[in-house]
2 protein chains.
Amino acid sequence: MTYSIGTVAEKSGISIYTLRYYDKMGLTPFVKRNEASGRREFTDSDLNFLSVITCLKGTGMPLNEIRNFVQCCMDGDNTLNQRLALFENQKEVVINQIGESLRNLQKIDHKIEYYKKAVKAGTEKAVTGKNNLPENHVPLNELIDELL
Amino acid sequence: MTYSIGTVAEKSGISIYTLRYYDKMGLTPFVKRNEASGRREFTDSDLNFLSVITCLKGTGMPLNEIRNFVQCCMDGDNTLNQRLALFENQKEVVINQIGESLRNLQKIDHKIEYYKKAVKAGTEKAVTGKNNLPENHVPLNELIDELL
DNA sequence: ATATTTGATAGAGCTAACTCTAGGTCAATA
DNA sequence: TATTGACCTAGAGTTAGCTCTATCAAATAT
């Protein structure tokens, strides 16, 4: 069972243009072509690989790093340690991103409180509170371990 | 008390180039200039404003939207509702980002487990587990409320 | 008083990640 | 069989967000 690029675009939400672009950039060298027509034929395994690529991209990893990772995968078992290290490192990255998101969320919450008061009073001048409260120090690592 | 652009760059971690670029893009119209020399003179209030801008940028808001927000701030009290709505909306955005980050984290954790086994076995072929486990449905909103 | 540093502007250059166009091939349908 | 539609490549164009250069003015250090 294989899928055309259009079908994959529908299933994945990635545009046909982008799928071809990724292929050109070396992100999907595993996708085979039809011998006669040269058309791409995606397998289910290819779709799984694509979802890993999407995950890494979602963490902000640039395409050339993702390409390196894919190359490692193609290079076989002697890159296993390297790939493990990559994911362990990326875990740190994501945890830091969540930390930043939580800090942003906190700041946004303060702003929401601030503007609620201001809207109620009809003017900003009536609002007294400072916007920069002291940061709380969430033990992020533990919390995230708990969430998963 | 005012700060030069170089001092602000140091304090904020934003490069001088970028600070000038933001100013050119209309993100910091509130920063006054020295009458005689034309140099920018940042106040403490300006730094606070800048930290809000940094927060919004950190949530992925594009610069032109941030500029609109800043313009609302300059336009005074009749934009209060609009500004409240903006932050309420941005809160949703950040919560969704955290959700995506947690899903990515989960996938990465599975990969880490996978590669640990593979490294131990010396080959990928020995690893049996599927990589795409069913998603857990964390009640994200409540959890985040709890964290803050 | 002079030299160095810091700041200013205008505008060019750069990178990443698409996004689209042109011109062609191949496959599926009326 | 003819036509429509999906796919192909090469390469140009686009956007966001910086980043840097050239050139000049002002401030600070020696």
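Computation of the quantities below employed the complete heavy-atom set of this structure, encompassing side-chain atoms and omitting hydrogens, waters and symmetry-equivalent molecules. Naming: A, B, ... by sequence-line order, numbering from 1 per chain.
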> Closest approach to the side chain of B:Tyr17, judged atom by atom: which nucleotide of D:dT9, C:dT9, D:dT21 is it?
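Between D:dT9, C:dT9, D:dT21, the one nearest the side chain of B:Tyr17 would be D:dT21.
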> Whole-Å distance between D:dT9 C1' and A:Met25 CE?
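My rounded result for the distance is 13 Å.
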> Side chains of B:Leu19 and B:Val31: closer than 4.5 Å at any heavy-atom pair?
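A side-chain contact under 4.5 Å is absent here.
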> Look at the side chain of B:Ser37 and decide which nucleotide, out of D:dC20, D:dA27, D:dC7, has an atom nearest to it.
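Side chain of B:Ser37 sits closest to D:dA27.
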> So if I take every side-chain heavy atom of B:Thr18 and compare against D:dC18, D:dT21, D:dA27, which nucleotide ends up nearest?
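The answer is D:dC18, which lies nearest to the side chain.
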> D:dC18, OP1 or OP2 - any side-chain N/O from B:Lys57 closer than 4.0 Å?
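It does, given that an N or O in the side chain of B:Lys57 lies less than 4.0 Å from OP1 or OP2 of D:dC18.
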> Using a cut-off of strictly less than 4.0 Å, decide whether A:Arg20 has a side-chain nitrogen or oxygen near OP1 or OP2 of D:dA6.
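No, A:Arg20 has no side-chain N/O under 4.0 Å of OP1/OP2 on D:dA6.
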> Separation of B:Glu65 atom CD from D:dA16 atom C1', in whole Å?
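Checked: the CD to C1' distance equals 13 Å.
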> B:Asn34 has an atom CG; how far is it from atom P of C:dA8, in whole Å?
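Going from B:Asn34 (CG) to C:dA8 (P), I get 10 Å.
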> Measure the acute angle between the ring planes of A:Phe87 and A:Phe69, then classify it against the limits of 30° and 60° as parallel, tilted or perpendicular.
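Taking A:Phe69 first and then A:Phe87, their aromatic rings stand perpendicular (interplane angle over 60°).
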> What is the separation between atom CG on B:Leu19 and atom C1' on C:dA8, rounded to the nearest whole Å?
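Whole-Å distance recorded here is 14 Å.
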> Pick out which of B:Ile5, B:Asp46, B:Thr2 makes a side-chain contact (heavy atoms from CB on, under 4.5 Å) with B:Arg40.
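Of all the options given, the one that passes is B:Ile5.
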> Ignoring backbone atoms, establish whether A:Tyr21 has a side-chain N or O less than 4.0 Å from OP1 or OP2 of C:dA16.
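A:Tyr21 to C:dA16 OP1/OP2: no side-chain N or O under 4.0 Å.
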> Mapping A:Tyr22 and A:Ala36 onto DNA chain C by nearest heavy atom, which one lands closer to the 5' end?
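Upstream on the strand: A:Tyr22.
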> If two hydrophobic side chains count as joined below 4.5 Å and joins carry through other members, does B:Leu56 share a cluster with B:Leu47?
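Same cluster.
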> Between A:Ile53 (CD1) and C:dC18 (P), how many Å, whole number?
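In whole Å, C:dC18 P and A:Ile53 CD1 are 12 Å from each other.
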> Which whole-number value in Å describes the distance from B:Glu41 CD to C:dG7 P?
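Spelled out: CD on B:Glu41 to P on C:dG7 is 12 Å.
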> Please report, rounded to the nearest Å, how far the P atom of C:dC18 is from the CG atom of A:Asp23.
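The distance from CG of A:Asp23 to P of C:dC18 comes to 14 Å, rounded to the nearest Å.
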> Considering just the side-chain nitrogens and oxygens of B:Arg40, establish if one lies under 4.0 Å of OP1 or OP2 belonging to C:dT6.
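Negative; the distance criterion is not met.
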> Out of D:dT19, C:dC18, D:dC7, which has the shortest distance to the side chain of B:Ser15?
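Nearest to the side chain of B:Ser15 among the choices is D:dT19.
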> Side chain of B:Pro62: nearest nucleotide among D:dG17, D:dA10, C:dG7?
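Selected nucleotide (nearest to the side chain): D:dG17.
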> For the side chain of A:Arg39, counting heavy atoms from C-beta on, which of C:dA27, C:dT9, D:dT19 is nearest?
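Out of C:dA27, C:dT9, D:dT19, the nucleotide with an atom closest to A:Arg39's side chain is C:dA27.
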> Would you mind reading off the distance between A:Leu56 atom CG and C:dA16 atom C1', rounded to a whole angstrom?
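To the nearest whole Å, that distance equals 17 Å.
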> Say you draw a straight line from NZ of B:Lys111 to CD of B:Glu113; how long is it, rounded to the nearest 0.5 Å?
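Reported to 0.5 Å precision, the distance equals 12.5 Å.
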